[in-house]
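Quick notes on the structure that follows.
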Amino acid sequence: MFILIGFFAQLVDGALGMAFGVLCTTALLAFGMPPAVASAMTHITEVFTTAASGASHVWQRNVDWKLVMRLAPAGMVGGILGAYVLSNIDGKVIEPFISVYLILIGIYILIKAFRPMFQRDVHDWTVPLVGFAGGGLDAAGGGGWGPIVTTSLIGRGHDPKKVIGSTSLTEFAVTLTISATFIVTLGWSQLDAAVGLIIGGVLAAPIGAYIVKHLPVRPLMIAVSLIIIATSVVRFF
């Protein structure tokens, strides 16, 4: 089951450039997994997927190193705080808030499917703030770095190619930091099922790249958003 979850989530992420974290976390929560464990397993898996993605963007020269240097430290600090807070709060207390967050991410993706964000100029001082918020919410919610950071920077006028490459590389550093924090606070014994997610994600990676060329993006975004919203809403009943 974990292999299937990782496979499907990476398939979608490869086609959209986002949604691996929120899909994995949503699926794991639907199976009754505590929020902290679900987020931890998702981020440990993403260490491998983001490493491959980041290396590819460096090879293709899609990375703006100045942007990385401004995003990475803030994102890592936000990720550590988000992971620490999630690890030390009762799962039943935080789960409704996580569900609301995932629903909002699902709605955001749905809106983007129909109405792409307009570009506008941005001042450099906002980049660390976006990174900090993205890292914190990504850790606490189990996903969201791509929807929050990538879309925010592109929507504010940064070069899309450089944003995608730079945030993909930065996500590796943020994910590695979040994963280490979870392992220290939770221990590895609760996270060994992440191996299945890793296997599924690695197997799906090349297929996701193929889908990008052949499947319309809008229907896929709509489907993903509806899955995230539906599975999150169900947990309130």
Side-chain angles (χ1 to χ4, degrees), residues 1-3 5-6 9-10 13 19-51 53-54 71-105 128-149 167-202 228 231-232 235:
M1 185 58 67
F2 291 125
I3 292 176
I5 292 172
Q10 181 56 42
D13 192 88
F20 180 89
V22 290
L23 278 176
C24 267
T25 302
T26 301
L28 295 176
L29 289 175
F31 280 100
M33 193 165 289
V37 177
S39 180
M41 287 177 55
T42 297
H43 283 93
I44 289 172
T45 305
E46 285 186 309
V47 169
F48 295 85
T49 58
T50 57
S53 177
L71 270 179
M76 292 166 72
V77 171
I80 291 172
L81 292 176
Y84 181 79
V85 169
L86 186 62
S87 299
N88 289 278
I89 295 179
D90 185 357
K92 292 184 178 180
V93 173
I94 195 68
E95 185 167 352
F97 297 97
I98 301 301
S99 297
V100 170
Y101 169 73
L102 292 173
I103 290 170
L104 293 176
I105 291 293
L129 297 179
V130 171
F132 180 82
L137 291 173
D138 188 83
W145 175 267
I148 293 170
V149 178
T167 55
S168 294
L169 178 62
T170 305
E171 188 176 12
F172 168 70
V174 174
T175 300
L176 185 63
T177 304
I178 293 172
S179 299
T181 305
F182 276 126
I183 291 173
V184 169
T185 54
L186 297 177
W188 176 251
S189 61
Q190 296 189 56
L191 310 176
D192 52 3
V195 174
L197 295 178
I198 294 169
I199 294 173
V202 170
I228 294 170
T231 52
S232 298
R235 289 198 298 275

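Values below: all heavy atoms of this structure, side chains included; hydrogens, waters and symmetry mates excluded.
- Considering CD1 of Ile178 and OG1 of Thr42, their distance stands at 10.5 Å, rounded to 0.5 Å.
- Trp145 places a side-chain N or O within 3.5 Å of a backbone atom of Thr167 that can act as its donor or acceptor partner.
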Step-by-step side chain to side chain contact (heavy atoms under 4.5 Å, CB included) determination, Phe132 to Leu81: CA-CA 10 Å; Phe132 180 82; Leu81 292 176; 3.9 Å; yes
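- The distance from atom CZ of Phe20 to atom CD of Glu171, rounded to the nearest 0.5 Å, is 10.0 Å.
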Set out, in order, the CA-CA distance, both residues' side-chain angles and the distance that settles side chain to side chain contact (heavy atoms under 4.5 Å, CB included) for Ile183 and Ile44, then state yes or no. CA-CA 9 Å; Ile183 291 173; Ile44 289 172; 4.1 Å; yes
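- Legend: residues meeting side chain to side chain contact (heavy atoms under 4.5 Å, CB included) with Ile199, ordered by chain and number and at least two apart, are Ile3, Val195, Leu203.
- Under a 3.5 Å cut-off, the side chain of Ser39 and the backbone N or O of Pro35 do not form any donor-acceptor pair.
- Here the shortest heavy-atom pairing between Leu29 and Ala38 reads CD2-CB, 4.2 Å.
- Considering all non-hydrogen atoms of both residues, Gly82 and Ala139 come closest at C-CB, 3.8 Å.
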Give the C-alpha distance, both sets of side-chain angles, the deciding distance and a yes or no for side chain to side chain contact (heavy atoms under 4.5 Å, CB included) between Thr170 and Val149. CA-CA 10 Å; Thr170 305; Val149 178; over 6 Å; no
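- A pairwise comparison of heavy atoms in Val174 and Ala72 identifies CG2-O, 4.4 Å as the closest pair.
- Atom NE2 of His43 and atom CG of Leu197 lie 12.5 Å apart (nearest 0.5 Å).
- Between Phe31 and Met1 the shortest side-chain heavy-atom distance falls below 4.5 Å.
- Smallest separation of non-hydrogen atoms from Ala74 and Pro128: CB-O, 3.1 Å.
- Closest non-hydrogen pair, Ala36 versus Leu186, comes out as O-CD1, 3.8 Å.
- One finds the OG1 atom of Thr175 at 6.0 Å from the CG atom of Asp138 (value rounded to the nearest 0.5 Å).
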Please step through side chain to side chain contact (heavy atoms under 4.5 Å, CB included) for the pair Thr45 and Gln10, ending with a clear verdict. CA-CA 10 Å; Thr45 305; Gln10 181 56 42; over 6 Å; no
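- Looking only at distances, a side-chain donor or acceptor of Asn88 sits under 3.5 Å from a matching main-chain atom of Tyr84.
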